[in-house]
**Q** 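Take this structure, written in structure tokens, and hold onto it; I'll ask about it next.
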Amino acid sequence: MRTGSHQEADHGDNDSLAAEMKANRLQHFLKGRRDHLALSQYQVAERLAISDRAYGNWERGRVKEWTDEKLYALAEVLEMSEYQTTRLFLYAVGRAPQPDLRATFCRAESQDPGVAAFLDDYTVMMDALSLPTFVIDQRWDVKMANRAYRDLFCKVRPHAAMPSDNFLRFGLFHPDAPTVLVDHLKWQLAMLAQLSSSLERHDDDAGLQAIRRDVYLHAGLRDAYVNDMPDWVLGSGADLVHHEGAVRQLRHPDAHVGLQGCRLVEETPRSLRALGLTRMTLVLVDLDDRLSPERCTAPDQQAA
């Protein structure tokens, strides 16, 4: 029979092992993000206005107390997306982040003339781009889209889930989605993972909750969300946006373009991020024997 002292020792060993695993996971995550940006520890420390020794301790998880301020600063310096910021908080403090108060006071619906003028100018700039580009809020409502995006979905029939309204709803519920999003099941699994990760960050968002309710009303989607999506995440490691290097297939309605590989790239400037918005670009690439539909060499930009 094991004595109480032995049991306490075992418990202490388990706690120590769990803490070590948590620190290793955080270190791997931060180093991976830093390497992706080709930054040294010194450069990150310089951006944070701390010593490189202090940042080295941060990266190794040797921090007396992780505050939201420290974690948000890390997320900004390492140019993390919403999903990556959520991962950072979960790895460091075991919970999703609280809403970033720096962004809650200012949204796209702002009546500020300066904000409205900026968004008008940004829309003009987006229309000059040849790749389909759109701007979304936290629930994936489409707030702005360029001409190339509209052209991509020009043959989609009217429906309650239009790509001009909400990108997740379109991919999950529109009957025409498979005509554009080829190999639709993979797109749907990624979108379900995106829904799950968005709800981790914004669990009180009524729009996201409504999408989840509609998923549960659809037998096939409910089964995929409960059973298939978690396994897919374990194998792929991420959601719609952050499946690094993934190239999915997309069919453009223009016959001269036709079947293309598609990489979803997030490239949000700080001015949009401050408004609670995210800019996405559908980067179209020619499919050839060198590109796997699910995995290829990650590009210089943050991609999915």
Side-chain angles (χ1 to χ4, degrees), residues 81-83 132 134 136 139-142 149 152-200 207-254 257-266 280-299 303-304:
S81 65
E82 178 180 305
Y83 174 86
F134 59 109
I136 55 172
R139 64 183 60 173
W140 284 70
D141 284 347
V142 176
Y149 180 88
L152 178 63
F153 300 106
C154 65
K155 293 187 178 180
V156 168
R157 294 169 295 176
H159 187 270
M162 294 298 289
S164 57
D165 296 330
N166 185 287
F167 190 73
L168 288 185
R169 280 194 172 277
F170 167 73
L172 293 172
F173 305 119
H174 200 298
D176 289 346
T179 65
V180 181
L181 307 177
V182 180
D183 205 353
H184 188 229
L185 178 59
K186 291 179 180 178
W187 279 96
Q188 281 193 325
L189 287 173
M191 288 181 172
L192 291 172
Q194 179 63 54
L195 174 62
S196 178
S197 67
S198 294
L199 280 164
E200 283 183 358
L208 292 171
Q209 290 173 352
I211 297 175
R212 181 171 57 187
R213 283 196 301 270
D214 290 343
V215 165
Y216 273 93
L217 291 173
H218 187 290
L221 286 175
R222 181 178 66 246
D223 183 65
Y225 189 71
V226 173
N227 299 313
D228 299 334
M229 183 270 289
D231 291 337
W232 182 88
V233 169
L234 288 174
S236 299
D239 58 8
L240 177 62
V241 183
H242 308 99
H243 182 178
E244 294 289 343
V247 177
R248 301 180 185 92
Q249 294 186 15
L250 178 152
R251 189 178 302 279
H252 199 283
D254 184 342
V257 180
L259 186 65
Q260 295 281 297
C262 176
R263 180 180 288 115
L264 194 59
V265 176
E266 179 189 342
M280 310 299 302
T281 298
L282 298 169
V283 178
L284 306 184
V285 296
D286 290 331
L287 290 172
D288 58 39
D289 293 337
R290 295 172 299 166
L291 287 177
S292 162
E294 279 299 309
R295 183 67 58 183
C296 72
T297 303

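The shown structure was predicted, so the numbers you read here are calculated from the model rather than taken from an experiment.
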**Q** So, taking the atom named CD in Gln188 and the one named CG in Leu172, what distance separates them when rounded to the nearest 0.5 Å?
**A** 6.0 Å

**Q** Do Ile136 and Asn166 have side-chain heavy atoms sitting under 4.5 Å apart?
**A** no

**Q** How many angstroms lie between atom SG of Cys262 and atom CZ of Arg251, to the nearest 0.5 angstrom?
**A** 13.5 Å

**Q** May I have all residue pairs that pass salt bridge (charged side-chain N to carboxylate O under 4.0 Å, His left out) and include part of residues 159-175, sequence neighbours excluded?
**A** Arg169-Asp214

**Q** Which side-chain N or O atoms in residues 216-225 pair as donor and acceptor under 3.5 Å with protein atoms at least two apart or in another chain?
**A**
unit_1	atom_1	unit_2	atom_2	d
His218	ND1	Gly220	N	3.3
His218	ND1	Leu221	N	3.1
Arg222	NH1	Tyr216	O	2.7
Asp223	OD1	Asn227	ND2	2.6

**Q** Mind listing the closest non-hydrogen atom pair of Ser196 and Met229 along with its distance?
**A** CB-CE, 3.8 Å

**Q** Nearest 0.5 Å, what's the CD1-CD distance between Ile211 and Gln209?
**A** 10.5 Å

**Q** Arg157: what forms a salt bridge (Lys or Arg N to Asp or Glu O under 4.0 Å) with it, not counting sequence neighbours?
**A** Asp176

**Q** Are the side chains of Arg263 and Val265 in touch, meaning some heavy atoms are under 4.5 Å apart?
**A** yes

**Q** Show your reasoning for whether side-chain contact (heavy atoms from CB on, under 4.5 Å) applies to Trp187 and Val182.
**A** CA-CA 8 Å; Trp187 279 96; Val182 180; 5.6 Å; no

**Q** For Asp141, which residues count as a salt bridge (Lys or Arg N to Asp or Glu O under 4.0 Å) partner, sequence neighbours excluded?
**A** none

**Q** Rounded to the nearest 0.5 Å, what separation is found between the CG atom of Leu195 and the CE atom of Met191?
**A** 11.0 Å

**Q** Report yes if some heavy atom in the side chain of Leu264 is under 4.5 Å from a heavy atom in the side chain of Met280; otherwise report no.
**A** yes

**Q** Considering residues at least two apart in sequence or located in another chain, which fulfil the side chain to side chain contact (heavy atoms under 4.5 Å, CB included) criterion with Pro178?
**A** His184

**Q** Any side-chain heavy atom of Leu152 sitting closer than 4.5 Å to one from Asp254?
**A** no

**Q** Would a distance-only check, ignoring hydrogens and angles, find a side-chain to backbone donor-acceptor pair under 3.5 Å from Gln260 to Leu250?
**A** no

**Q** Can you confirm whether the side chains of Gln194 and Ser198 place a donor and an acceptor under 3.5 Å from each other?
**A** yes

**Q** With heavy-atom distances below 4.5 Å as the criterion, would you say the side chains of Met162 and Phe170 are in contact?
**A** no

**Q** Between His174 and Ala161, which heavy-atom pair has the shortest distance, and what is it?
**A** CD2-O, 3.0 Å

**Q** Between CG of Leu168 and CG of Leu208, what distance do you get to the nearest 0.5 Å?
**A** 7.5 Å

**Q** In the structure I gave you, are the side-chain heavy atoms of Tyr149 and Phe167 within less than 4.5 Å of one another anywhere?
**A** yes

**Q** Do you know the tightest heavy-atom contact between Val142 and Pro163?
**A** CG2-O, 3.4 Å

**Q** Just jot down the salt bridge (Lys or Arg N to Asp or Glu O under 4.0 Å) partners of Arg139, sequence neighbours excluded, or say none.
**A** Asp205

